[in-house]
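Okay, structure first, notes after.
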Amino acid sequence: MSEQEVDFSKRLVRPNVLTVRPYKPGKPIEEVQRELGLTDIVKLASNENPLGASKKAVEAIRRAADSVYLYPDGGSFRLKEAVAERLGAPLGNVLTGSGSCELIELIGKVLLAEGDEVIFAEPSFIMYRIVAAACNAKIVAVPLKDYELDLDAMADAVTERTKVVYIANPNNPTGVLIGQAEIDRFMGRVTDNTVVVMDEAYYEYNVDGTFPDTMKFLRAGRNIAILRTCSKIYGLAGLRIGYGVGPSWLVDAIDRIRRPFHVNRLAQIAAVAAFSDDEHIKMTLETNEAGKEYLYRAFAEMGLEYVPTETNFILVDVGQDSDRLYDELLRRGVIVRPMAPWGYKTKLRVTIGTQRQNERFIAALKQVLA
Ligand SMILES: *Cc1c(COP(=O)(O)O)cnc(C)c1O
């Protein structure tokens, strides 16, 4: 930027906006191909489904492709019906969004006035900080306790000015799931002057039935929003579909200020199809469980510490500068996520891939560490 541009930025942009570092997503495959001239690239950086999208969803998109000249249903009616059925909630409580990121943002936008407080864990999903800054809210970041959300400390941090608490459960980038007892205790301490946002993006990856029931709080009339996404297990990250439930007053507020056609036409159609693709979900979970075991064993053999996960990614300590390691892996065609921006200088976050992808990653990692 020129001096004048910097000056404009300083004078005209709201100061809070400039406190946010631009979000650095996992590097796209196309970019690595272009920059390094590689062809066979494995991307394990953004927790996408390594098996791809649900075939049923892809087929539905093909059938609907000719209709993209029409605006989508602005109210996402069919999609909302499918969500209501899935989550066992009345239609009036259902939220849909262009990715759950949009719902995280819209909840902030309708609730946060200048000076209101927002609580979230650190490190956690970056989106919470982005939204808080964009809304000029006061950020209260509560450190994790051994990779786990410290819900007691988060409850301690609530004041009369706390409008929103964002909770990623399981947490990203650590993969740890908080259980029912802790959630119950937390909800018992927070009043309904605060909206609790449960971001359950990895809900489906919990296979032992220990995922805490948060829907019961909504049914009891509490001010809680529960968010899920089609970006992870359903393999539809590129379409941007998030959904969830919240109190009807919150749904009403969001409907007033959201963009009129925020969930695109193909996204609505594909999500409904993906929800009914039990086979795809089953295969994805099998692949994830097998991949998890393989990577755990490989890390243990290499003497690398990792955080046991309830998701489709693993936080692993590589014992040296993870930015350098990331570059070296990239050169070998493997894209992962270096965790220095999250404060973990020697850790990587790696998405659990197919067996072949996991083997590629481990082979490259062994080379780089040797
Ligand atoms: C991946 C992820 C999401 C999903 O975001 P979308 O906008 O739905 O793609 C939300 N929250 C967390 C914690 C995530 O890791």
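We count ligands from 1, going down the list as the structure has it; atoms in each ligand are counted the same way. Note that these values count all heavy atoms, side chains included, but never hydrogens, waters or copies made by symmetry.
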Q) Quick check: does any side chain N or O of Arg161 sit under 3.5 Å from a backbone N or O of Glu117, one acting as donor and the other as acceptor? A) no
Mind checking whether [X] and [Y] have parallel, tilted or perpendicular rings, split at 30° and 60°?
X      : Y      : answer
Phe275 : Tyr234 : perpendicular
Tyr202 : Tyr205 : tilted
Tyr306 : Phe299 : tilted

Q | Amino acids contacting ligand 1, non-hydrogen cut-off under 4.0 Å | A | Gly99, Ser100, Cys101, Phe125, Asn172, Asp199, Ala201, Tyr202, Thr229, Ser231, Lys232, Arg240
For a quick test of your reading: what N or O donor-acceptor pairs under 3.5 Å do the side chains of residues 138-151 make, sequence neighbours left out?
residue	atom	partner	partner atom	Å
Tyr147	OH	Lys347	NZ	3.3
Asp150	OD1	Ala153	N	3.2

Q: Among Asn47, Leu51, Leu285, find the one that has a side chain to side chain contact (heavy atoms under 4.5 Å, CB included) with Ile233.
A: Leu285
